[in-house]
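One structure below.
All heavy atoms count here, side chains included; hydrogens, waters and symmetry mates do not. Just so it is clear: chains get the letters A, B, ... in the order the sequence lines come, proteins before strands, and each one is counted from 1.
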Protein chains: 2
Amino acid sequence: MGVTLKEVAALAGVSRSAVSRTFTPGASVSAKTRAKVEKAAKELGYSPNALASSLTTGRTKLIGLISNNFHNPIFLEVFDQFTRALQERGLRPLIVNLTDETEPANSVRMLRQYSVDAVIVASSTLPPSFAKAFHDAGVPVVHTFGRSATSPEVHVVGIDNVECGRMAARELVARGYASVGYLGGPVDATSALDRQRGFVEEMANHPQIPVSHSFAGAYSFEAGRAEMLRLLAGDPAQAYFCGDDILSIGALSALADHGLKPGSDIGIIGLNDMEMSRWEYINLTTIHQPIKQIITSSVDLVEEMLKTPDRYPEARIFPCRVVERGTLRPRP
Amino acid sequence: MGVTLKEVAALAGVSRSAVSRTFTPGASVSAKTRAKVEKAAKELGYSPNALASSLTTGRTKLIGLISNNFHNPIFLEVFDQFTRALQERGLRPLIVNLTDETEPANSVRMLRQYSVDAVIVASSTLPPSFAKAFHDAGVPVVHTFGRSATSPEVHVVGIDNVECGRMAARELVARGYASVGYLGGPVDATSALDRQRGFVEEMANHPQIPVSHSFAGAYSFEAGRAEMLRLLAGDPAQAYFCGDDILSIGALSALADHGLKPGSDIGIIGLNDMEMSRWEYINLTTIHQPIKQIITSSVDLVEEMLKTPDRYPEARIFPCRVVERGTLRPRP
DNA sequence: AAATGCTTTGCAACCGATTGCACCATTTTT
DNA sequence: AAAAATGGTGCAATCGGTTGCAAAGCATTT
């Protein structure tokens, strides 16, 4: 199939080592042999087999990218950013789609079979223990969108979900809503729990405002819509902090069903600020999460871990901010 | 780092070949040695290095998955389906995000460095020549969503875009619209051209109905919206066949800006039937493309090519159908 | 001219597996 | 009981590279 080192060496009239060194940055080769080798290589259309070299170097430049959120549009942005950032640095994403059927243990094994240099767990709906499994297996791992614990066991890059919960609460209070609700993501997602905690904490300062809670089954349009329809059938609050933008958009569609106008009739604030939230006829008021910075930083961190494998774990937390659009009524 | 064959062999008290054979389906090993090996392997936590074995077998089970549509929500569904279908068959997707900055030639080289067993080009906005480059390099390739030429040079799986264009035209005519327009994707996408061709062909049977044409800069919300805003500023047609769903949704948002009701004021028909199009408050009338079948079939085809590398190229075309929702007025 | 130091080069072992072949131990056949 | 067939095993070469080491090449210094 492919052209090999040996053939190039033969054509160039040098040893295999010489060829290998020409393609190894920083190795010592004279300009003369380098020229000969490059000529021969071009002639034959040679390019080194990355997998074969990984055998001796121990580096594959393959990075496992694990996720399970294939129904949340923000993940298109996430994949876009991750794949770009990785390939800009000469790393290759090996994707794992963690569906309900796939055994997590299998994917750990699989990624080790392909001897990935590192793993990025990109999901807040995967438990911290999952990321830790890689860590324990000796694979460098960063948990992007993971829980920003003060004492993380693995590297975490993301936002302070608790603080975001507080921020949402402050915002709803400032708008003068007399009753508020939290419509969170799946109950077992750390992000859903942390956002709720912050929300509750802040609302505790305003005991006169009743607070309700509910959780959607997933971070998806359908789940958000279904949950909001359920709430509307009962006695809904005046405003909701939704777990994220896609839930918010689902909720907005439920409001539309009931002929309710977002903002004036029922307020909605989301979290993420994905592209779609900016669409004019969605126009969602939301908390902006700096996706691009988070992902760039995650990949930076991966690179640094490749250099210093037993780096002391750190949490990189990025600040968020409210972006005002049309789904919350104006401050009084 | 990892446990190797040799260590397992030593612990089990057998030769390395014996260990290798235990993990090679269909190789001859006695139940007794197999048991010994499996015990030792479990004890050590061994799993074979897929990359090392690829050296001798010539199979990596790595499949290059190339795309460039990271701004069209349908691609989240596409990636979901592809990654699932591949991993169900024990294949691993190696993703390439073809951004404007990346040289296509580089990605060809890169995928060869990782000796992928095959490549899937998943985009209708990449020229057929691109897929052919892999073919010429001796890599099995299938072009999913590619042009369904009658004489394809590489394997193609997708739909008959020309026929879809006709179908859209027939639908608009049947609804009695007195003027129609085509709002296509990027001018250099084969899908945009083919859909236009079919649309024009069919409209030629109705010379009394004027037909206009325009092309958006990309398959994206922004592009669709911008183009429709431009059209609305002039003298718009009564109904549009939009290049795909995301363009349609962009167009719908432009209509909303002008206070126009889709269906009654201006008709819109899309193509794809992505999840989002079913959302109640989008509710797009569109031509359904059987994404899941197309992708399953693509992966099947890849698997078959691994068995029979110089399979005669074929085009697998899946039928589409109109799904009626709310953005076209009812048939008279 | 000999001694010194530095760079360049090739040899050969190795990375972690697979596999053709020869050999050996069992069965089965005659 | 001997011969033939069968199945299991290990040796050693191989896949496509990398790299430590020693020898060779070359220029500079004394």
Given [N], is OP1 or OP2 found less than 4.0 Å from the side-chain N or O atoms of [X]?
X: Tyr46(A); N: dG17(D); result: yes
X: Ser30(A); N: dT9(C); result: yes
X: Thr56(B); N: dT14(D); result: no
X: Ser17(B); N: dC11(D); result: no
X: Ser54(B); N: dC15(D); result: no
X: Thr57(B); N: dA17(C); result: no

query: Side-chain contact, heavy-atom cut-off 4.5 Å: Phe23(A) with Val37(A)?
result: yes
task: Could you check if a side-chain atom of Val141(A) sits within less than 4.5 angstrom of a side-chain atom of Ile120(A), using non-hydrogen atoms only?
output: no
- prompt: Between the base of dT19(C) and the side chain of Thr24(B), is there any donor-acceptor pair under 3.5 Å?
  reply: no
message: Any donor-acceptor pair, under 3.5 Å, between the side chain of Arg16(A) and the base of dG10(C), if you only look at N and O atoms?
response: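 Donor-acceptor pair under 3.5 Å: no.
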query: With sugar-phosphate meaning primed atoms plus P, OP1 and OP2, does Val29(B) contact a base, only sugar-phosphate, or nothing at under 4.0 Å between heavy atoms?
result: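 Answer is sugar-phosphate: Val29(B) comes under 4.0 Å of backbone atoms only.
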- prompt: Across the strands shown, which category fits Ser28(B) at heavy-atom distances under 4.0 angstrom: base, sugar-phosphate, nothing?
  reply: base
I need the [atom1]-[atom2] distance between [X] and [N], as an integer number of Å.
X: Asn49(A); N: dG16(C); atom1: CG; atom2: P; value: 16 Å
X: Leu51(A); N: dT14(D); atom1: CG; atom2: P; value: 22 Å
X: Glu7(A); N: dG17(D); atom1: CD; atom2: C1'; value: 13 Å

For the side chain of [X], counting heavy atoms from C-beta on, which of [options] is nearest?
X: Val14(A); options: dA13(C), dG10(C), dA17(C); result: dG10(C)
X: Thr4(B); options: dG17(D), dG16(C), dG8(D); result: dG16(C)
X: Pro48(A); options: dG10(C), dG17(D), dG10(D); result: dG17(D)

query: What about Phe75(B) and Phe79(A), are their ring centers closer than 6.0 Å?
result: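 Aromatic pair excluded; centres sit 6.0 Å or further apart.
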Pair Lys42(A) + Glu38(A), salt bridge at N-O below 4.0 Å: no
- prompt: More 5' along DNA chain C: Arg21(B) or Leu55(B), using each one's nearest nucleotide?
  reply: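 Nearest-nucleotide comparison on DNA chain C picks Leu55(B).
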task: Using only heavy-atom distances, determine whether the side chains of Thr60(A) and Asp117(A) contain a donor-acceptor pair under 3.5 Å.
output: yes
